[in-house]
Structure formats: C-alpha cells, structure tokens
Amino acid sequence: MSETAQKAPGTPGVPDSNRWKALTFIALAQLMVVLDATIVNIALPSAQQDLGISDGNRQWVITAYALAFGGLLLFGGRIADLWGRKRTFVTGLIGFAGASALGGAATNEAMLLGSRALQGAFGALLAPAALSLLAVMFTDAKERAKAFGIYGAIAGGGGAVGLILGGFLTEYLDWRWTFFVNIPFAIVAAAGAYFVIREPVGSRNRSPLDIPGVILSTLGLVSLVYGFTRAESEGWGDSMTIGLFVVSAVLLATFVFVESKVKAPLLPLRVITDRNRGGVYLSLGLAIIAMFGLFLFLTYYLQIVKGYTPVKTGFAFLPMIVGMITGSTQIGARLMTRVPARLLMGPGFLVAAVGMLLLTQMEIGSSYATLLLPAMVLLGLGMGTAFMPAMSLATLGVEPRDSGVASAMVNTSQQVGGAIGTALLNTIAASATTSYIKDHLAGAASKPQQQLVQLEGMVNGYTSAIWFAVGILVAAAVIALTFINAGKPDMGAVAGSGATDAEDVVPVMAH
C-alpha cells in the first residue's frame, strides 16, 4: 500500500501534523493574489498621474494582469501537476514578489505594464498550486470542510479587503506601496511553505506536456478576456471586439478537439465533463460576473455620489467581508458534512440575489445603514455559504494527478467571470445612464440641476445593471440546484474519479 493510500483520516505522520500550518501559508498566498485584483484599482489614478499614462492606456494596468493570469492558468495548473505543487507554489510566490518589486519601482509606463503582466504570469502558477495542495493534503471530510471554509472566505472576501488596503496605502503612503505590500506576504508564505508543506507521494502527473494544448488554451483565453475588456471601452459592435470573440471561439473549440485526441492532454476532458464539477465551474463563473460588476458600481457610488474617501469606501465594504467569512466558516463549513453541496450553493446564491435585489432600490439619497448595510450582509452571507462547498467540490473525486488542472479551472471560471462581469455590467450601466441623461437634461435649467441629473443618471445606470446581476445570481442558483448531485459526504468513503492504482487513491467525499 502506497504512502498516499495510507493517509487515512487520523493517521499520524509529518504531512498530517503540518497540514494546518500549511493552510496558514496557502491562505496567505491566496489572499495576496486576490488582493491584487482590486488593490491596484484604487491606486490607479495616482499611478497614472505620476508616470504620465494616457487615459487610453490606463486600462492596460488592469488588463495586462488579467490577460496573463487568465491566459496561463491551465498551463500553470498542469505545471503544478507535472513539476510538483510545492515547488510550483514557492516558485510562483518568489516570482510574484519580484514582479511586485519591479511594479513598485516603475519609472515609466512600460515598466509598470510589464510588471503587471509578470505578476499575472506568476499568479497563474501560484493560484492552482495553492488550491490543489489543499485538495491533496485535506482528505478527511470534516477537516476538508474547515480548510475549504477558510480558503473560500479568503477567495470571496479578499477583493473587498484589497479595497480597504488600497485606500489606506494610497491615501496615507504612496501608490507604489500597493505593489511593495506583496513582498512581505510572498516572502513569509514562500518560507513557510518551503519548511512546512509535505506533498503526498505519488500525486504527480509525469506525462509529457501537451504543447498544442498550451498554445491553443492560452491564446483562446487571452482572446476571450481581451474581447470582453475591449467591449467595455470600445463597444460590442467594434469590429476588433467581434473578431476577438470569433478567434477565441475557434481556438477554444480546436483546443477541446485536440484534448479529446492527444494521449496526455493539458485539460483531460474527464475533469470538466463530470456533472458536479461542470456545475461548479458554470455557477461559480456566473456568480463572479454578478459580484465583480457590483464591486465596481458600489465603489463608484460611494466615492462619486456619496463623496466617500478611498479609506471610508473600503471600510463600507466591511459588512460584506464579515458576512462572507461567517457564511464560509460558520454556515458552509458546519453544514457541508451534513447536507448535499447543492443545498448550500443554491440557497447561498439566492440569498445573495436578495441582497442584490435590495440594491436595485438605490437612489442618490439612500441611507447606508438602512439599505446598503443589510444588502451587503446578505450578499456576503450568501456568497460565503455558496463559495465554500464550490471550492471543495471543484477538486472532489478528481485523480490526484489532475488536481492542479482541476484547481486551475476554478480560477479560470473566476477570472473569465470577472472580465465578463466588468465589461457586460459596465456597458449596461453606461447605456442606461446615457439614455436617462438624454431624456431628463432638457428639463434642467440651472447648473446644479444639470449636475443632479448627471448623478441621477449614474445611479439609474447602476441599478439597471444590478437588475441583470440579480438575474445572473438566480441562474447560478438554478444551475447549482439542477447540475450538482453529489450527496452529502460519507466520512469513511474512499472515492476516486477513475483512479487506476493505489497510489492515486485518496480518501475524499463520496459522490
């Protein structure tokens, strides 16, 4: 019997004794990657002014990171399976720290954009390795629930923490600190991981790398993410935007065809054709579309309409973070071993949809305490409860040698969902704002009245887009309730997804 198969719940040994310490460093690294998606947003106006970046090129500070991260995730996941998750994780952390130092020290536009692309590339190594380490280290159902509860809370709430930290650093220090702050995170996480993490034996995938798959998936995902990013700035009818979507569809369709034929695919189709994992990737992607657009609108609403400072805006998001942590660690983690995952994910998305529904009532004079606060608490609770089983189920029953690429698919659905959410909901909001102002501006005689119409138009745009977000969350709930049919975890079960030898079997929740 191999070492991996022997790691039944309660078996003493080095990996068992260190797994909770390992979780601390994995969670720290995950927090750093998630923070980075929003922390730079708040620092962007200051960095733009400092380095003389044009308005047209400003979006590339965000886009360069998103393209590298989203495009290379599947490749990063397979590298983790091939090269070893611990080694990939530590390499990703060191590279991310180096790229962050380069960004903080940037003296011109090219240096800043290059550092953001590098951060994205190393993030694509780091994120799948982190999630797959959890998947192979926590195999007992109860412990897995706790570990994924903590991880899910960070994955969900980290973006909002980024807004608070970004506000603090920009207001009281300098925009460069939104980059430099990553360095201590990365060094502590890399050192801790190096000394603490013991990867289970026999869980690597030593098949040769599928180069055509790497090229097709990377170019296909980059085209897709860039298509949505461009749609936001240039419009959906723009010929290049349409071209990017067509190219992406052709590349990704070819990728699926190639993967069904090659001997050692980059993304074994068994990973995504599993009904439960397919349901998770789809519902999670939809939920992220709704959430990302919301972060953006609420940030604008609080700063532009309400006149909040960056720091005050960040703190306004705190109830959502508290809700996410509570939903993930207290509701999701406690119930995951007692009820089927769909009965946490479906209702979780519906509770979040109710929170979103409250925000459709937003007006210029809306009170934070009576409208925004309850909405944020409901959003946080719902998302936290749903995220937690989703993260766990995404790697459930997958062969250990595929856990890196299965984890990468979770990150890919989040990354693509984020790009779609920002572009789609922003476009809906912008067109609703334009038509509202056009209809009402004629009746505004004085300058204050015209400014009021502009603000009313903005809020009308946000609420129009939030209605779509409500619908998207309801769709995510329906998919979770109908696709996902994994029963409640069986504490003693040893299940696999077609694992062929003892070395590939780890105790996981039974389907």
Quick one: do Leu393 and Ile484 satisfy side-chain contact (heavy atoms from CB on, under 4.5 Å)? Show the steps, please. CA-CA 9 Å; Leu393 205 58; Ile484 296 166; 3.4 Å; yes

Could you grab the distance from atom CD1 of Ile331 to atom CE of Met336, nearest 0.5 Å is fine? 14.5 Å

Met111 and Leu102, any side-chain heavy atoms less than 4.5 Å apart: yes

Can you tell me if Glu259 uses its side chain to pair, donor with acceptor, with the backbone of Leu267 under 3.5 Å? yes

To the nearest 0.5 Å, what is the distance between CG (Leu72) and CD1 (Ile79)? 10.0 Å

Please check this pair: side chain of Arg78 against backbone of Pro265, looking for a donor-acceptor N/O pair closer than 3.5 Å. yes

How close do Ala190 and Ile94 get, counting heavy atoms only, and between which atoms? CB-CG1, 4.4 Å

Are Phe96 and Met32 side-chain neighbours, meaning at least one heavy-atom pair lies under 4.5 Å? yes

Note, Trp20 side chain near Thr24 side chain (heavy atom, < 4.5 Å): no

Are any of the side-chain heavy atoms of Met345 and Thr385 separated by less than 4.5 Å? no

Search all heavy atoms of Ala341 against all heavy atoms of Pro389 and return the closest pair with its distance. CB-CB, 4.1 Å

Could you pull out the closest heavy-atom pair between Ala352 and Leu379, with the gap in Å? O-CD2, 3.4 Å

Pair Trp236, Thr427: side-chain N/O donor-acceptor within cut-off below 3.5 Å: yes

Do Phe179 and Leu112 make a side-chain contact, defined as non-hydrogen atoms from C-beta onward lying under 4.5 Å apart? yes

To the nearest 0.5 Å, what is the distance between CZ (Phe69) and OG1 (Thr412)? 8.5 Å

Evaluate the criterion side-chain contact (heavy atoms from CB on, under 4.5 Å) for residue pair Leu286 and Phe349; output intermediate values, then yes/no. CA-CA 10 Å; Leu286 284 170; Phe349 289 138; over 6 Å; no

Within the 6.0 Å centroid threshold, strictly below: Phe245 and Phe228: yes

For Pro347 and Leu481, the nearest pair of non-hydrogen atoms, with its separation, is CD-CD2, 4.4 Å

Decide yes or no for Met383 and Val351: does some side-chain heavy atom of the first lie under 4.5 Å from some side-chain heavy atom of the second? no

Heavy-atom pair of closest approach, residues Ala80 and Thr88: CA-OG1, 3.4 Å

Which atom of Ser132 lies closest to which atom of Ala129, heavy atoms considered: OG-O, 3.2 Å

Are any non-hydrogen side-chain atoms of Ile197 and Arg85 less than 4.5 angstrom apart? no

Is there a side-chain contact (heavy atoms from CB on, under 4.5 Å) between Ile479 and Tyr281 once you walk through the steps? CA-CA 10 Å; Ile479 288 167; Tyr281 300 145; over 6 Å; no

Is it the case that more than 12 heavy atoms not belonging to Tyr194 sit under 6.0 Å from its OH atom? no

Interatomic spacing from CZ in Phe75 to CG in Leu221 - rounded to 0.5 Å: 13.5 Å

Is there side-chain contact between Asn276 and Phe483, with heavy atoms separated by less than 4.5 Å? no

Just by modelled atom types, is the Ile325 backbone N or O under 3.5 Å from a matching donor or acceptor in the Ser328 side chain? no

Okay, side chain of Arg277, backbone of Ile272: is any donor-acceptor separation there less than 3.5 Å? no

Show, in sequence, the C-alpha distance, side-chain angles and deciding distance for Ile428 and Leu425, and conclude whether the side-chain contact (heavy atoms from CB on, under 4.5 Å) test is met. CA-CA 5 Å; Ile428 293 164; Leu425 296 176; 4.3 Å; yes

Supply the atom-to-atom distance Thr91 OG1 to Leu125 CG, rounded to the nearest 0.5 angstrom. 7.0 Å

Donor-acceptor pair, distance only, cut-off 3.5 Å: does the side chain of Ser248 make one with the backbone of Leu244? no

Can you tell me how far OG of Ser413 sits from CG of Leu284, rounded to the nearest 0.5 angstrom? 4.5 Å

